[in-house]
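Beneath this line is the structure, given in structure tokens, with notes to follow.
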Amino acid sequence: MRKSILLILALMSLLPLVMMAEEGLWPPVVLNSIISEMQKKGLKLGADDIYSINHSSLKDAVVQFGGGCTGVLVSESGLLLTNHHCGFGSIQRQSSLEHDYLTKGFWSGSMEEELPNPGLTVTFLIRMEDVSNKVLENVTPAMSEQERAAMIKKNTDRIEKDAVKGTGYEAKIKPFYYGNQYFLFINEVFKDIRLVGAPPANIGSFGGDTDNWAWPRHTGDFSIFRIYASRDNKPADYSKDNVPYKPRKFLSVSIRGVEKGDFTMVFGFPGTTKEYLTSFGTDLIAFKENPVKVAFRQRRLDIIEAAMSSDTRTRIQYASKRAGIANGWKKMIGESKGVKRLNTLGLKQELEKGFIAWANANPDRAKKYGNLIQVSEAAYKRYYPYDLAGIYITEGFQGIELLKFSGGFKDIVKLSAQKDVKEADLEASAMKLKAATLSFFKDYQQKVDCRVAAELLSMISSDMDPAFKPGYFTQVESKYHGNWEGYVSRLYETSVFADCSKILKILSDPRAKNIKKLGNDPAFLLSASAAAVMDKKVSPVNLEISRTIDSLQRVYTEGLMLYQAGKTFYPDANSSLRIAYGKVDDYSPADAVNYQYYTTVKGILQKENPDIYDYVVEPRLKELIINRDFGQYADKDGTMHVAYTASNHTTGGNSGSPVLDGNGSLIGLNFDRNWEGTMSDLQYDPDQCRNIVLDIRYCLFIIDRFAGAQRLINEMKLLK
Ligand code: ARG
Ligand code: GLU
């Protein structure tokens with residue numbers, strides 16, 4: 001099995017690419033197989049300039065920002081650009097009614113004023129390496145999936161440990177092509193990351209959720225951070241004595257502007273795509289999971305948004321939470337629509353028919369692949385009810401903040417019930433929970449959560465498969481007969497988890513007898529009951545079936561690569577560094593509708609509406625626009641460009657990714673996808689899929705003309 005994959009990978013590097021579309025998220029180690037195609041399209045660099053382990057290359061200027069975004073280095077003093085929505089959580093946590101950086105923006109006047117962000121990390125890739133042989137050592141075809149997984153885990157742990165012994169680096173092995181290949185990643189993780197600057201929300205999130213996942217766009221979606229290191233330029237925990245990090249590489253910034261057809265390359269850390277799923281897997285996501293998640297989120301959003309619009313404090317407290325809920329909600333709606341429009345299921349079924357016929361035309365293949373599709377269908381059928389129950393728990397019960405919060409006390413309650421529990425262990429656990437409690441209540445409004453709870457519980461009550469309803473929940477159901485508001489108000493009155501001072505009091509005297517009482521708290525009981533369904537009923541079966549599904553998917557992917565031998569397969573995204581290339585391009589979303597590829601500040605004034613939060617225009621920005629005070633950042637046509645579209649294949653995690661021109665200079669920051677392209681994690685459509693890019697000149701214009709932060713501009717290397 002491994003041999004055939006290796007053969008295909010070898011062929012891949014020899015054959016000229018047959019694929020014309022700009023689809024694909026390419027790991028830097030396969031650059032050699034796509035570099036000539038990239039050069040034909042306008043790249044002026046060699047593969048070695050982009051990724052090298054022997055000398056500094058572009059990859060040394062690209063980082064994973066936090067867990068789920070990308071950032072880019074733009075100065076020799078560790079200055080980093082990412083999206084505003086990527087820095088959002090950090091900016092929000094620094095904000096209060098007195099210092100509302102989220103609303104008003106934040107601009108440090110000097111390095112001393114840059115703000116530390118505990119918990120925030122930035123990760124550099126040092127190198128990656130194919131370790132498939134080592135990972136699959138002693139794995140035999142006769143093994144069960146469970147044995148196979150255990151052997152792979154054992155090998156993986158050992159390789160990871162050995163790889164970084166004595167280096168200070170971190171190691172991570174990730175599967176590619178559903179476990180047909182494995183790569184080892186050696187990373188360097190920095191932990192002292194400070195906030196340098198952020199525009200006010202009505203620039204950084206202009207258009208908000210109304211415009212999210214859509215074009216045309218006028219969002220100044222950037223924020224600025226700086227990496228700090230120890231005096232010997234190594235990762236270190238926060239300390240006053242840390243110094244700005246000296247990167248191996250930082251990017252020059254081109255303010256020459258872009259034109260339709262210009263080569264673009266996106267370098268970043270895309271999270272997840274599932275391009276090679278069977279029709280059943282795609283059906284599950286697009287038409288079974290998404291609608292349920294969307295329905296739960298819709299209710300939460302309605303309530304949270306109503307509360308935010310009537311109270312400033314609530315607005316600040318819920319800004320980050322709401323943005324997260326809404327972002328996924330809208331994406332799922334667009335994705336399901338796109339899959340329907342493209343008839344992805346029909347196309348996949350056709351492919352599967354062809355695959356089955358191809359497999360059965362040869363006895364060896366028939367043995368391996370002949371009934372794969374059939375078995376896969378059965379596995380998904382069995383998976384569905386469990387998967388759905390899991391969604392009712394994660395999006396339903398855990399969508400209620402009080403339940404999620406009290407669920408976090410599961411371990412300490414368990415600990416307190418042990419016979420020979422040590423006081424020191426309880427103390428240590430209580431310390432952590434104290435911090436969690438403070439941060440929970442900082443951004444919590446009980447009124448909002450009560451309303452959410454009543455709605456969600458009533459939804460669960462009427463729609464959840466009774467076979468999976470948590471026992472404690474059914475007791476409540478029969479006691480309150482659908483009076484969810486009544487139940488909820490009683491719950492919040494009686495639960496100590498609803499009261500910050502009561503919880504803190506218990507945590508400051510965490511003797512077993514005090515903690516044990518928490519185990520009988522009504523919020524705790526409800527959340528523990530839901531968690532028990534997850535842990536005992538749902539997860540074990542899900543794990544078992546998804547193992548089967550994964551192994552089928554692994555063999556299917558291998559078979560597909562043989563069946564479609566002329567096609568180049570890029571591995572699905574898995575939060576590892578990837579390159580996507582394409583060009584600045586417009587598109588036509590519907591008959592007679594053509595979108596221009598760029599927007600200008602004129603659109604900001606056209607969208608302006610003082611009554612709609614998303615469209616309030618910052619007065620000082622308006623003044624600059626009216627006075628055409630664009631500095632050196634105006635386009636040659638005299639206007640100030642804000643954003644543009646290109647045909648790079650991107651996904652969640654690519655936010656903040658540098659968009660580079662053919663010379664490797666920074667021309668923009670990726671921040672979104674267009675509405676018609678939101679299904680590209682499941683199927684990419686070259687005709688409709690566009691990534692949305694913040695024109696780097698608008699970012700510099702805000703830093704320079706709006707914020708007057710020339711000290712930051714002076715650090716960068718501008719190409720005029
Ligand atoms: N849709 C973009 C991405 O997936 C940006 C989200 C942030 N903006 C917002 N209005 N929620 O993450
Ligand atoms: N906004 C997304 C992110 O946060 C990037 C857009 C996309 O999903 O393509 O990563």
Side-chain angles (χ1 to χ4, degrees), residues 22-25 62-72 82-92 102 198-199 201-215 217-223 264 266-275 297 300-301 304-305 308 315 318-335 338 572-573 575 577-578 580 582 607 612-615 643 645-659 668-682 684-685 688-694:
E22 274 124 16
E23 174 174 358
L25 300 144
V62 185
V63 297
Q64 186 163 39
F65 181 85
C69 277
T70 304
V72 57
T82 186
N83 287 147
H84 184 263
H85 77 263
C86 295
F88 202 90
S90 303
I91 305 165
Q92 194 264 345
L102 201 55
N202 53 17
I203 292 176
S205 315
F206 183 78
D209 268 286
T210 321
D211 287 5
N212 192 21
W213 295 113
W215 181 254
R217 208 53 168 274
H218 298 85
T219 317
D221 198 344
F222 75 93
S223 57
T264 55
V266 173
F267 213 171
F269 292 84
T272 313
T273 59
K274 299 183 172 179
E275 312 283 349
R297 287 175 181 230
R300 285 161 78 191
L301 285 169
I304 293 173
E305 277 162 13
M308 283 173 77
R315 171 168 291 292
Y318 278 75
S320 188
K321 288 187 244 191
R322 195 211 53 103
I325 303 167
N327 194 43
W329 162 80
K330 194 163 176 185
K331 153 88 192 298
M332 289 186 270
I333 296 174
E335 181 174 77
D572 267 318
S575 296
L577 189 61
R578 301 294 176 94
K607 281 179 177 172
I612 299 177
Y613 181 82
D614 287 347
Y615 294 128
T645 49
S647 60
N648 301 284
H649 190 177
T650 53
T651 185
N654 268 128
S655 276
S657 293
V659 181
L669 294 178
N670 188 73
F671 73 95
D672 211 355
R673 255 178 291 174
N674 63 332
W675 182 242
E676 298 77 11
T678 39
M679 70 297 165
S680 69
D681 297 352
L682 300 174
Y684 184 90
D685 175 10
Q688 291 296 306
C689 288
R690 296 292 177 267
N691 59 319
I692 301 180
V693 185
L694 171 67

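As the structure lists them, so they are numbered: ligands from 1, and atoms in each ligand from 1. This one's a predicted model, so the numbers in the text were calculated from it and none came from an experiment. Index from 1, following the sequence.
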State whether the side chain of [X] and the backbone N or O of [Y] hold a donor-acceptor pair below 3.5 Å, judged by distance alone.
{"X": "Thr219", "Y": "Phe206", "value": "yes"}
{"X": "Thr70", "Y": "Gly268", "value": "no"}
{"X": "Ser223", "Y": "Ala198", "value": "no"}
{"X": "Asp572", "Y": "Glu275", "value": "yes"}

Contact atoms of ligand 1, heavy-atom distance to [X] under 4.0 Å:
{"X": "Asp209", "result": "10 (N), 11 (N)"}
{"X": "Gly208", "result": "10 (N)"}
{"X": "Asn327", "result": "1 (N), 2 (C), 3 (C), 4 (O), 5 (C), 6 (C), 12 (O)"}
{"X": "Phe671", "result": "2 (C), 5 (C)"}

Between Lys607 and Asp614, is there a side-chain N and carboxylate O pair less than 4.0 Å apart? no
Going by an N to O cut-off under 4.0 Å, is there a salt bridge joining Asp672 and Arg217? yes
Does one side chain, of Asn670 or Asn654, offer a donor that lies under 3.5 Å from an acceptor on the other? no
Taking atom types as modelled, is there a side-chain donor on Asp221 or His85 under 3.5 Å from an acceptor on the other? yes
Among all the protein's non-hydrogen atoms, which is closest to atom 11 (N) of ligand 1, and how far away is it? Asn212 ND2, 3.6 Å
Could you pull out every protein residue that has a heavy atom closer than 4.0 Å to ligand 2, ordered by chain and then number? His85, Trp213, Thr650, Thr651, Gly652, Gly653, Asn654, Ser655, Phe671, Asp672, Arg673
Parallel, tilted or perpendicular for Tyr684 and His649, by the 30°/60° rule? tilted
Does the N or O separation between Asp672 and ligand 1 drop below 3.5 Å for any pair? yes
